[in-house]
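Below is one structure, written out as structure tokens; the observations come after it.
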There are 2 protein chains.
Amino acid sequence: MADELLQSRGVKPTPQRVVITQFLLDSHDHPTADEVLEGVKDSLPVSLSRATVYNTLNTLVEAGVVKAVSLEPGRTRYDANTIEHHHFVDTKTGKIIDIPWEKVSQLCQTLGPEYKIQDYQITFFGELAEPTP
Amino acid sequence: MADELLQSRGVKPTPQRVVITQFLLDSHDHPTADEVLEGVKDSLPVSLSRATVYNTLNTLVEAGVVKAVSLEPGRTRYDANTIEHHHFVDTKTGKIIDIPWEKVSQLCQTLGPEYKIQDYQITFFGELAEPTP
DNA sequence: TTCTGTATTTAGAATAAATCTAATTTAAGA
DNA sequence: TCTTAAATTAGATTTATTCTAAATACAGAA
Ligand SMILES: [Mn+2]
Ligand SMILES: [Mn+2]
Ligand SMILES: [Zn+2]
Ligand SMILES: [Zn+2]
């Protein structure tokens with residue numbers, strides 16, 4: 001599973017990369033680099049370096065295998081759900097859950113009564129056109 | 001200006017707080033804590049501690065005088081524009097500009113041809129209702 | 001198979017944002 | 001003036017991430 005995914009994206013599937021990728025595929029809670037290290041280190045016969053976790057995560061992001069998510073200051077989270085989607089941050093628990101892209105239909109209206117929205121923000125990424133002279 | 005704003009939000013307007021608040025009111029580029037320190041330290045007769053900058057920024061956020069913005073990993077930016085609005089991140093320059101709330105009308109459609117949108121993401125903050133048993 | 005070069009991993013050092021600590025200053029009120 | 005709480009300060013500390021330099025792994029050539 002992880003193995004083929006890596007192959008298809010042109011990333012050599014080393015044991016460390018496979019195990020980290022699989023962990024992210026199985027996660028639904030947007031783990032941090034540290035949570036990845038904790039969750040993965042015992043499933044390798046060798047000691048896993050923190051540097052390898054960061055190297056791998058950066059490689060995976062660059063190859064489009066996972067997405068980096070920065071919703072809170074201080075640490076980046078990682079998401080194997082690469083389909084376009086939004087996030088809902090529970091301000092009580094800090095839990096970040098996925099919101100399907102289609103759920104946000106007319107002008108970001110109702111997600112449903114189970115979400116008590118206090119605030120939301122759309123972040124656009126792109127390039128600003130040069131002003132025409 | 002900054003003085004009255006602080007008063008009205010119940011924050012004692014010390015020289016450090018006034019000068020930092022004024023700097024943010026005059027900024028339109030979402031400065032970081034370090035940029036605030038650099039931009040402000042020479043307009044005080046005393047040396048300004050980094051701790052004071054962070055203390056003040058946290059106080060201002062808590063009092064609703066400014067907003068903390070975390071769009072990129074690693075550092076928080078600060079925004080004296082407290083009217084609800086979105087942000088546009090120029091992926092070439094890193095520049096973050098404000099998008100008026102109303103601009104995003106039907107399902108986050110066109111901002112106008114000057115914005116070449118590569119990606120966007122809506123972040124919701126709120127509380128998840130308990131599942132009814 | 002052995003050789004060789006490149007990619008990957010590793011432990012630990014370095015960096016950078018933010019917070020903490022403990023001492024000092026400020027300033028309001030009795 | 002005296003008291004006291006709040007605010008500020010320099011510097012140390014913490015935490016996330018990156019860097020460095022050495023060790024490993026491993027594919028391809030000979
Ligand atoms: Mn602005
Ligand atoms: Mn940091
Ligand atoms: Zn997600
Ligand atoms: Zn803004």
Side-chain angles (χ1 to χ4, degrees), chain A residues 2-3 6-7 9-21 23-24 30-63 65-79 94 96, chain B residues 2-3 6-7 9-21 23-24 30-63 65-79 94 96:
Chain A
D3 203 293
L6 291 175
Q7 298 271 13
R9 300 298 183 118
V11 178
K12 195 207 290 192
T14 66
Q16 289 86 348
R17 287 170 175 174
V18 169
V19 126
I20 289 172
T21 303
F23 179 80
L24 287 171
H30 307 84
T32 62
D34 225 65
E35 288 165 355
V36 170
L37 176 58
E38 279 308 307
V40 134
K41 66 176 178 201
D42 291 334
S43 44
L44 281 169
V46 298
S47 66
L48 176 61
S49 166
R50 190 170 303 275
T52 300
V53 174
Y54 280 102
N55 288 343
T56 299
L57 290 171
N58 290 337
T59 300
L60 296 181
V61 168
E62 240 174 292
V65 176
V66 305
K67 275 187 161 185
V69 180
S70 57
L71 300 180
E72 56 193 328
R75 64 221 147 139
T76 302
R77 296 181 170 274
Y78 296 88
D79 194 347
I96 298 169
Chain B
D3 204 294
L6 291 175
Q7 298 271 15
R9 299 299 184 117
V11 178
K12 195 207 292 193
T14 66
Q16 289 85 350
R17 286 170 176 175
V18 168
V19 124
I20 289 172
T21 304
F23 178 81
L24 287 170
H30 307 84
T32 63
D34 226 65
E35 288 165 355
V36 170
L37 176 59
E38 279 308 307
V40 134
K41 67 175 180 205
D42 290 334
S43 44
L44 280 168
V46 298
S47 65
L48 176 62
S49 167
R50 191 172 302 276
T52 299
V53 174
Y54 280 103
N55 288 344
T56 299
L57 290 171
N58 290 337
T59 300
L60 296 181
V61 169
E62 240 174 291
V65 178
V66 305
K67 275 187 162 185
V69 180
S70 58
L71 300 180
E72 55 193 330
R75 66 221 146 140
T76 302
R77 296 181 170 274
Y78 296 87
D79 194 346
I96 298 170

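Each chain gets a letter, A, B and so on, in the order its sequence line appears, and its residues count up from 1.
Here C/dA28 presents its P atom at 11 Å from CD of B/Q7, a figure rounded to the nearest Å. The distance from atom CD of A/E72 to atom P of C/dA17 is 18 Å, rounded to the nearest whole Å. Between the CD atom of B/E62 and the P atom of D/dA6 there is a distance of 15 Å, rounded to whole Å. For the pair A/L60 CG and C/dT8 C1', the computed distance is 14 Å after rounding to whole Å. When rounded to the nearest whole Å, the span between CG of A/N55 and P of D/dC19 equals 10 Å. Spacing between atom CG of A/L6 and atom C1' of C/dA7 amounts to 15 Å, rounded to whole angstrom units. Atom pair A/R17:CZ and D/dA25:P shows a separation of 15 Å (rounding to whole Å applied).
Residues in residues 53-62 of chain B take part in no salt bridge (charged side-chain N to carboxylate O under 4.0 Å, His left out) pair, two or more places apart or across chains. Among pairs with a residue in residues 38-50 of chain B, those fulfilling side-chain hydrogen bond (donor to acceptor under 3.5 Å, both in side chains) read B/D34-B/R50, B/E38-B/K41, at least two apart in sequence or across chains.
A/R75 is linked by a salt bridge (Lys or Arg N to Asp or Glu O under 4.0 Å) to A/E72, counting only residues two or more places apart in sequence or in another chain. Checked against side chain to side chain donor-acceptor pair (under 3.5 Å), A/D79 has the following partners two or more places apart in sequence or in another chain: A/H30, A/H85, A/H87.
Of all the residues in residues 34-50 of chain B, B/V46, B/S47, B/L48, B/S49 reach under 4.0 Å from DNA chain D with at least one non-hydrogen atom.
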Going by atom type alone, with no hydrogens or angles, which donor-acceptor pairs under 3.5 Å involve a side-chain atom of residues 9-20 of chain A and a protein atom two or more places apart or on another chain?
{"unit_1": "A/R9", "atom_1": "NH1", "unit_2": "A/G64", "atom_2": "O", "d": "3.2"}
{"unit_1": "A/T14", "atom_1": "OG1", "unit_2": "A/R17", "atom_2": "N", "d": "3.2"}
{"unit_1": "A/R17", "atom_1": "NH1", "unit_2": "A/K12", "atom_2": "O", "d": "3.0"}

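Atom CG of B/L24 and atom CG of B/L57 lie 6.5 Å apart (nearest 0.5 Å).
Closest-nucleotide positions on DNA chain D for A/P15 and B/P73 were compared, and the one nearer the 5' end corresponds to B/P73. Along DNA chain C, the nucleotide nearest to B/K12 and the one nearest to B/T32 differ in position, and the one closer to the 5' end is contacted by B/T32.
Each of D/dA10, D/dT17, D/dT8 was ranked by its minimum atom distance to the side chain of A/Y54; first place goes to D/dT17. In this structure, the nucleotide among D/dA10, C/dG12, C/dT9 sitting nearest to the side chain of A/A51 is C/dG12.
Base contact: B/T52 has a heavy atom under 4.0 Å from a base atom.
Taking 4.0 angstrom as the limit, A/T14 places a side-chain polar atom (N or O) nearer than this to OP1 or OP2 of C/dT9. Proximity of A/Q16 to the phosphate of D/dA25: no side-chain N or O atom is located under 4.0 Å from OP1 or OP2.
Between B/Y78 and B/T32 the shortest side-chain heavy-atom distance does not fall below 4.5 Å.
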